[in-house]
*Asks:* 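One structure coming up, written as structure tokens, with questions to follow.
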Amino acid sequence: MHGFDRPIYTNITYPFPINPPFVPTDNPTGCYRTVFHIPKEWKGRRILLHFEAVDSAFFAWVNGVPIGYSQDSRLPAEFEVTDCCHPCDSDKENVLAVQVMRWSDGSYLEDQDHWRLSGIHRDVLLLSKPQIFITDYFFKATMDENFSLADIEVEVEIDSHKQDWEHVSTLSIEAALYDNSGLSNSLDADLSSANVVNLKPKPKPTRSPCLGFHGYVLGGKIENPKLWSSEHPNLYTLVVLLKDAMGKLIECESCQVGIRNVVLAHKQMLVNGCPVVLRGVNRHEHHPRLGKTNIEACMIKDLILMRQNNINAVRNSHYPQHSRWYELCDIFGLYVIDEANIETHGFDENSHFKHPTLEPIWANAMLDRVVGMVERDKNHACIIVWSLGNESSYGPNHSSMSRWIRERDPTRLLHYEGGGSRTSSTDIVCPMYMRVWDIIKIAKDPSETRPLILCEYSHAMGNSNGNIDAYWMAIDSTFGLQGGFIWDWVDQGLLKEDSDGSKFWAYGGDFGDTPNDSNFCLNGIVWPDRTIHPAVHEVKYLYQPIKISSADNILKIKNGHFFETTEALDFSWVLQGDGCVLGSGSLNVPTLAPQTSHLINMESSPWFSLWSTYAAKEVFLSVNVKQRYQTRWAKDGHLLASAQLCLPQENGFVPHAIAFSSSPLACERTGDSVIISKNNAWKIKVNSQLGTIDSWKELPDNTVELSTVYYGLPGNLPKPDDAALSQAPESTLFQVNMLCRIYESGNMVLEYEANPRADLPPLPRVGVVFNAEKSLSHVTWYGRGPFECYPDRKAAAHVGVYESSVEDLHVPYIAPGECGGRADVRWMALRNADGLGLYASVHGESPPMQMSASYYGTAELDRATHVHKLVKGDGIEVHLDHKHMGLGGDDSWSPCVHEQYMLPPTRYTFSMRLCPLLPSSSCHDIYKSQLPQVK
């Protein structure tokens, strides 16, 4: 990221020729030097040099003395450098030199789908330790069946110089647990007031907890412990003390720990006895300026956004992440799948070499990565599942890794998708991108006793995440389905400066990197700067823990939490008719215990009188749920959940009628145009050759009708002459019949019949497109919004009246494409600064339409490779679509639009109404009005 060598983005293909275990001799290498002094206070102590992570391998020297080598780009390496450093009282500078190689044999195990960046990307620490010190400890808690008693055990290991081992027998280890809620922020806080339990030494086990363990085991019990979960992330402070024979403190270690229970039941993963649902995302470490380097502010930003949008779980894809990330997940309450830094996906493309998991020569290297992950992260309550890695096939080496983890840590479950996601090395059926109907089939398979949790689903590449509601309808209603992790959290765009000085988000190939996978790194639901994509609204809605529904005149409110009541929530309602607010107020809902519901009879509700007496085409009830108090991730008043319900209209609707005069319309043919006008009040020019409206100036039972037939021909054929168009040419791909009816009021009704050829593929859209003047830059609509939504991604978008500038309708996806649409639009209006403009609505029996208005036409969106290269057109391209294909999103590489959102090549009929707008015109009144029937 500092200009040495270049970033490389590739998904599957290795960025160098496969010839394991060798890497190219042309191996970019970074050489680093820095100096340091040893503080005088460290005299007589041991000095450790700690690298939190270096990509991909490195040698290190202190004062010219080689101290070691390490590889594994995502785990720490630590060296004792006491004897290499100058004495504390010396004025000499100590020189640390590090040589980092971009590629090593370890790179064959690091073929993850992300930017390949090399260097020192995490902290380098110099640590001071006493001659005998605590090297490691492992906090464990087991629960009784009622979760009222926790049996605590802490394994502690120490390290000593050989000459000091004779003193080890005289040492003592003590440990205590403190309740964080009992600790104040004061510097003189009394720890004893928060003391929960002092842990006592236990007899050394006859069988070591793990191979090579020679430490101490301390234990104790806690009655009615405060359990850790995503909903209640209760933490305790563990303090481990090492003392000498006189009771003098030698060293102290401390960390935050949580008490919770994770077990496997029939088709369920239970956390503290409950089948929690994982509403998750995959997260790569990514910063748009710093690459793989982490900063705490960015981590906290991620967690705040996740919690604000009802995300309660994260899969660390696909490697152990910064140690501070786990501490923050403990605090914020995120369930974590911690994943080993192993991926060998590129071997799928090579027939000459087996996957490393099948080769004994790779066994130790793979196991080392799993061991390093577990030993570094084992004390974090947030981690409920260990993962053996990602997309690395399946073989004996995976079996060995799973056996080691199950022996070392039986308090967590095991996950691995490779080999078909149902091998003996995984406790969870964890497929990626499996279709909804297939996950339901597995969940209902009586021979499969494990829960199914999608390790990756809903590929968020660009304008995507369609069909995600179908997954959650299945998850919420099918026993054995327990959630999933969206791919993925953040667009992996890197900030780059273009030749003209403009800055933009770069993707694969923008740095001259080859091979590359172009924009396939842009799969996030947030942009690189953590601005949210419109799809986040859909995720928040489907992930919300409070579920609101109605049936048979009964409103149902369900508390989907497993541990939290609704005591801290406020409920309210808003009633709308045809986009106008009819009333609102608070909703009296009793405190709901976890997994309980409350029913409200609509006829006794506070909105019933408004609903039953108002004459409207349609009435919508919105229910909002807000947090009453501030939390770590949101202020008081934060919207936790919402829903909108369409109420049946039994009282009928009587539209207003328009008054019409008998003034005649004038028609005049001039060249290729037909000019229709009324007493110089307005004039419409129609192109008689194309059947389109060339101009409409604003200068009731008479009408003028224009009939036009369009033929869609392949673009490579010459246009036939007029004589040949007396009937449809054989090469016609589709035929569209249009009837344009112009009323003397200036209203216009367009009626369409579209007939595509039966052998055409599914259609992307069926509707009307036109260009409007740039001055008509203010858009108002009655439909779903306010954010971008499409037929298969609209569950979160409420129906209402919204307004926006044309500029703000555009969604700046890094790689441009179809965007900015609004679904289920009843009417829309374009106006200029003076209030003059154009109104358009569905007409007759036509259903609501899909609408978009943009300075960038479809051709321009297709041309530009990056959002900053888009060029605005001369006008505004407006799409009013009777039907629009869904976005899809089950994945991004196969046909994934669900059948109900496809547009087959069949006959489509629809009509829409257009009329001019004056500053005084009311779109609401126009919508409720009725045009006279033509006889």
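The basis for the numbers below is simple: all heavy atoms, side chains too, and nothing from hydrogens, waters or symmetry mates.
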*Asks:* Run the side-chain hydrogen bond (donor to acceptor under 3.5 Å, both in side chains) check on W325 and N294 step by step: do they pass?
*Replies:* CA-CA 9 Å; W325 172 249; N294 289 259; over 6 Å; no
*Asks:* Tell me whether the count of non-hydrogen atoms from other residues, nucleotides or ligands lying under 6.0 Å of NZ in K496 goes above 12.
*Replies:*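 Yes, NZ of K496 has more than 12 neighbouring heavy atoms, counting only those of other groups under 6.0 Å.
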*Asks:* Which residues satisfy the ring pair (Phe, Tyr, Trp, His ring centres under 6.0 Å) test with H322, sequence neighbours excluded?
*Replies:*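 Expected list: none.
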*Asks:* Between R122 and P320, what is the shortest heavy-atom contact and its length?
*Replies:*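 Smallest interatomic distance, heavy atoms only, reads NH2-O, 3.0 Å.
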*Asks:* Return the CD to OG distance between Q576 and S622, rounded to the nearest 0.5 Å.
*Replies:*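 Here the rounded value is 5.5 Å.
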*Asks:* Quick one: list whatever passes ring pair (Phe, Tyr, Trp, His ring centres under 6.0 Å) with W633, sequence neighbours left out.
*Replies:*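 With sequence neighbours excluded, W633 shows a ring pair (Phe, Tyr, Trp, His ring centres under 6.0 Å) to no residue whatsoever.
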*Asks:* Kindly write out the residues that satisfy ring pair (Phe, Tyr, Trp, His ring centres under 6.0 Å) with Y790, not counting sequence neighbours, or none if the list is empty.
*Replies:*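 Result, ring pair (Phe, Tyr, Trp, His ring centres under 6.0 Å) vs Y790: H884.
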*Asks:* Are the side chain of Q595 and the backbone N or O of G560 linked by a donor-acceptor pair below 3.5 Å?
*Replies:*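 Flag set: sc Q595 to bb G560 pair under 3.5 Å.
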*Asks:* Between the side chain of E231 and the main-chain N/O of F562, is any donor-acceptor distance below 3.5 Å?
*Replies:*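 Such a contact is found between E231 side chain and F562 backbone.
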*Asks:* Before we go on, tell me: are the rings of H114 and Y319 under 6.0 Å apart, centre to centre?
*Replies:*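 They qualify: ring centres under 6.0 Å apart.
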*Asks:* Measure up the F504 and H866 rings against each other and bin them: parallel (under 30°), tilted (30 to 60°), perpendicular (over 60°).
*Replies:*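 If you compare the ring of F504 with that of H866, the planes turn out perpendicular.
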*Asks:* Considering all heavy atoms of both residues, which atom of F563 and which atom of C274 are nearest to each other, and what is their separation?
*Replies:*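 F563 and C274 have their closest heavy atoms at CE2-SG, 3.7 Å.
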*Asks:* Do the side chains of D570 and R628 get close enough for a salt bridge, i.e. N-O under 4.0 angstrom?
*Replies:*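 Looking at R628 together with D570, the answer is yes, because their closest N to O distance falls below 4.0 Å.
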*Asks:* Decide side-chain hydrogen bond (donor to acceptor under 3.5 Å, both in side chains) for D891 and Y457; before the verdict, give the C-alpha distance in whole Å, the side-chain angles of both, and the deciding distance to 0.1 Å.
*Replies:* CA-CA 7 Å; D891 60 40; Y457 82 107; over 6 Å; no
*Asks:* Indicate the ring-plane relationship of H318 and W487, choosing parallel, tilted or perpendicular according to the 30° and 60° boundaries.
*Replies:*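 Judged by the thresholds at 30° and 60°, the geometry between H318 and W487 is parallel.
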*Asks:* With side chains defined as the heavy atoms from C-beta onward, is the minimum distance between R315 and C455 less than 4.5 Å?
*Replies:*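 Counting from C-beta outward, R315 and C455 do come under 4.5 Å.
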*Asks:* Any carboxylate oxygen within less than 4.0 angstrom of a Lys/Arg side-chain nitrogen, looking at D338 and R412?
*Replies:*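 The answer is no: the pair does not qualify as a salt bridge.
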*Asks:* What verdict does the side-chain hydrogen bond (donor to acceptor under 3.5 Å, both in side chains) test give for N390 and E339, after you've listed the backbone C-alpha separation in whole Å, the side-chain angles of each residue and the deciding distance to 0.1 Å?
*Replies:* CA-CA 8 Å; N390 185 64; E339 192 151 272; 5.2 Å; no
*Asks:* Exactly one of D302, N523, N282 should register a side-chain hydrogen bond (donor to acceptor under 3.5 Å, both in side chains) with W489. Which one does?
*Replies:*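 One option only clears the test, and that one is D302.
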*Asks:* Would a line drawn from the ring center of W228 to the ring center of Y335 be shorter than 6.0 Å?
*Replies:*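 Between W228 and Y335, the centre distance is under 6.0 Å.
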*Asks:* Only one of R283, K292, R74 forms a side-chain hydrogen bond (donor to acceptor under 3.5 Å, both in side chains) with Q321, so which one is it?
*Replies:*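 It is R283; the other options fail the test.
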*Asks:* So, for Y541 and A643, which heavy atoms are closest and what is the spacing to 0.1 Å?
*Replies:*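 It is CE1-CA, 4.3 Å.
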*Asks:* Keeping the roles fixed (side chain from R822, backbone from P786), state whether a donor-acceptor pair exists under 3.5 Å.
*Replies:*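 Yes, the answer is positive, given that a donor and an acceptor are paired below the 3.5 Å cut-off.
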*Asks:* Which side chain to side chain donor-acceptor pair (under 3.5 Å) pairs, counting each pair once, include a residue from residues 802-812, with sequence neighbours left out?
*Replies:*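 Listed by first then second residue: H778-E803, S805-D808, E807-K872.
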*Asks:* Measuring from R435:CZ to I440:CD1, what's the distance to the nearest 0.5 Å?
*Replies:*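 Rounded to the nearest 0.5 Å, the CZ-CD1 separation comes out at 13.5 Å.
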*Asks:* Before giving the answer on side-chain hydrogen bond (donor to acceptor under 3.5 Å, both in side chains), spell out for D890 and H898 the whole-Å C-alpha distance, their side-chain angles and the decisive distance to 0.1 Å.
*Replies:* CA-CA 9 Å; D890 292 359; H898 288 196; 2.7 Å; yes
*Asks:* Considering residues at least two apart in sequence or located in another chain, which fulfil the ring pair (Phe, Tyr, Trp, His ring centres under 6.0 Å) criterion with H561?
*Replies:*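 Partners of H561 by the ring pair (Phe, Tyr, Trp, His ring centres under 6.0 Å) criterion come out as none, since no residue qualifies.
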*Asks:* Looking at residues at least two apart in the chain, or sitting in another chain, which of them share a side chain to side chain donor-acceptor pair (under 3.5 Å) with R324?
*Replies:*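 For R324 the side chain to side chain donor-acceptor pair (under 3.5 Å) partners, ignoring immediate neighbours, are E296, E327.
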*Asks:* Taking G783's backbone N and O only, do any of them form a donor-acceptor pair with D824's side chain (distance below 3.5 Å, no angle check)?
*Replies:*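 No, because the side chain of D824 does not come within donor-acceptor range (under 3.5 Å) of the backbone of G783.
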*Asks:* Measure across N559 and A593 and return the closest heavy-atom pair with its distance rounded to 0.1 Å.
*Replies:*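 Heavy atoms of N559 and A593 come nearest at ND2-O, 3.2 Å.
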*Asks:* How close do H459 and S464 get, counting heavy atoms only, and between which atoms?
*Replies:*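 For H459 and S464, the tightest heavy-atom pair comes out as O-OG, 2.6 Å.
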*Asks:* If you look at every heavy atom in V281 and F485, which pair is closest and at what distance?
*Replies:*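 Closest approach of V281 to F485, heavy atoms only: O-CD2, 3.5 Å.
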*Asks:* From T531 OG1 over to D491 CG, what is the distance, rounded to the nearest 0.5 angstrom?
*Replies:*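 The distance works out to 10.5 Å.
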*Asks:* Are any of the side-chain heavy atoms of L861 and L870 separated by less than 4.5 Å?
*Replies:*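 Side-chain contact under 4.5 Å: yes.
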